[in-house]
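The structure appears below as structure tokens.
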Amino acid sequence: MKIVTVVGARPQFVKAATVSRVIRSTEGLTEILVHTGQHYDANMSQVFFTQMQIPQPNYHLGIGGSSHGAMTGRMLEKIEEVIIKEKPDVLLVYGDTNSTLAGALAGVKVHIPVAHVEAGLRSFNMNMPEEVNRVLTDQISKWLLCPTETAVKNLQNEGIVARTQALISNVGDVMYDAALFYSEIAKPTDAISSLIQQLSGNFYLATVHRAENTDDSVHFSNIMDALNTISETTAVVLPLHPRTRKLLRIDYCSQVRLIEPVGYFDMITLLSNCKGVFTDSGGLQKESFFFKKPCVTLRNETEWYELIAGGYNILAGNQVDKILAAETFIQKTIINEVPPLYGEGNAAEKIVEVINKMM
Ligand code: UD1
């Protein structure tokens with residue numbers, strides 16, 4: 001069986017790393033990896049391939065840095081060419097990015113069944129480009145591979161199966177597989193090791209990149225002002241996504257420790273050593289939990305509802321007062337164990353089993 005996997009953005013490299021390893025060690029399966037080029041800076045892309053030992057892509061489409069429509073349209077055209085040439089049995093996509101939607105659409109248009117990893121997640125906010133991408137991808141996928149029970153219920157509520165005969169499975173979360181596997185072997189760079197040493201573990205880790213926060217100058221300056229105030233007493237380390245870097249004015253960041261985007265090994269080392277996390281990233285909310293760190297989400301809703309229900313995460317939106325008040329949540333929350341909200345660390349095996357069985 002031949003599988004064409006489409007990736008393009010940073011979180012997809014982390015997810016594909018674990019599944020690719022299982023695909024490539026399963027007899028009878030071949031994987032062709034397509035990188036759309038959505039993320040192209042070395043520290044947003046190549047570092048993940050190197051550290052996580054993801055095979056180099058068979059196709060690199062070099063499409064990044066344009067508007068949503070132009071990017072998605074160009075990806076659709078190029079991925080279709082690859083599919084027509086490779087004639088795969090399955091097209092595999094991850095998550096909710098423009099690369100996900102373009103891959104799924106290219107596959108279904110030429111009648112290649114699509115498997116969607118991270119199916120069923122919903123924020124119920126259609127202003128987010130990611131919500132549009134995931135809702136549409138679920139509509140056209142044959143295998144809906146959900147990370148949680150909440151995701152399964154969302155799909156059931158939408159009645160997708162009755163209309164499309166898709167197959168829904170709760171396989172667990174591949175990011176949990178990645179956290180378990182790579183935390184055994186992760187070696188941080190010297191720069192991150194000395195930063196952690198210098199701060200003696202007394203710091204928060206923060207990330208900001210969502211369009212809803214960075215494209216609105218009031219939201220963005222609220223978040224930066226709040227982080228700045230917090231860092232007067234506890235250091236805040238903020239690896240900068242290129243979207244954020246483009247917007248940052250120097251007066252936002254007199255106290256916050258701004259660093260370049262970090263690779264996966266540095267990220268999990270920062271997570272293991274920090275006191276808590278402030279983020280608008282979907283993946284980092286879960287990774288905080290995997291590393292037993294309380295998380296403040298800089299959004300008004302989340303797809304990872306079970307983290308809120310379990311008391312591991314709170315929503316603080318993008319108002320200064322709410323973010324400042326949320327620091328108390330980090331200070332008083334202690335996470336001693338990681339219950340299996342996201343499976344048992346074998347999501348990749350389950351995904352490959354489901355696809356293999358149904359062919
Ligand atoms: C994308 C995904 C989001 C995911 C995030 C993870 C969509 C709609 N959004 O958002 O779901 O959580 O990736 O990181 O697909 N840029 C660079 N260098 C790079 C990559 C991007 O300079 O290596 C620039 C782009 O040119 C653009 C901006 O950063 O100006 C944002 O990149 P884009 O790919 O639009 O989306 P993300 O914000 O990264």
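Whatever order the structure lists them in is the order used to number ligands and atoms, beginning at 1. Side chains included, hydrogens not; waters and symmetry mates left out as well; all remaining heavy atoms used. Nothing fancy with the numbering, it's 1 onward along the sequence. Keep in mind that what you see is a predicted model, and the values were worked out from it rather than measured.
- Across the listed options R243, H39, K246, R243 owns the non-hydrogen atom lying nearest to atom 31 (C) of ligand 1.
- Summarising the geometry, atom OG1 belonging to T26 is positioned 10.5 Å from atom CD belonging to E31; distances are rounded to the nearest 0.5 Å.
- Within 6.0 Å of the CG atom in N157, the count of heavy atoms belonging to other residues, nucleotides or ligands exceeds 12.
- At a heavy-atom cutoff of 4.0 Å, ligand 1 is contacted by no atom of S45, backbone or side chain.
- Looking only at heavy atoms of the protein, atom 26 (O) of ligand 1 is closest to Y40 OH, 2.9 Å.
- You'll find the ring centres of F49 and H35 inside the 6.0 Å limit.
- Taking all heavy atoms of R245, R210, H209 into account, the minimum distance to atom 4 (C) of ligand 1 is reached by H209.
- For the pair H68 and ligand 1, the shortest N or O to N or O distance does not fall below 3.5 Å.
- Between H241 and H209, the ring-plane angle classifies as parallel under the 30° and 60° cut-offs.
- Atom NZ of K85 is surrounded by 12 or fewer heavy atoms from other residues, nucleotides or ligands within 6.0 Å.
- At the top of the distance list for atom 2 (C) of ligand 1, counting protein heavy atoms only, stands T97 CG2, 3.7 Å.
- Under 4.0 angstrom from ligand 1, the non-hydrogen atoms of Q38 come from both its backbone and its side chain.
- T234 contributes no side-chain N or O that, together with a main-chain N or O of I230, makes up a donor-acceptor pair within less than 3.5 Å.
- Between E130 and R210 there is a salt bridge, with a side-chain nitrogen of the basic residue lying less than 4.0 Å from a carboxylate oxygen of the acidic one.
- Listed by atom number, the atoms of ligand 1 under 4.0 Å from H241 heavy atoms are 14 (O), 37 (P), 38 (O), 39 (O).
- Judged by distance alone, with hydrogens and angles left aside, the side-chain atoms of N170 form a donor-acceptor pair with the main-chain N or O of G172 at under 3.5 Å.
- Distances from atom 35 (O) of ligand 1 to the heavy atoms of E130, M128, M71 put M71 nearest.
- Near P11, meaning under 4.0 Å from any of its heavy atoms, are these atoms of ligand 1: 6 (C), 14 (O).
- Backbone and side-chain nitrogen or oxygen atoms of D41 are examined, and one is located within less than 3.5 angstrom of a nitrogen or oxygen of ligand 1.
- Using a 4.0 Å cut-off to heavy atoms of P242, the atoms of ligand 1 that qualify are 16 (N), 17 (C), 18 (N), 19 (C), 22 (O), 24 (C), 29 (O).
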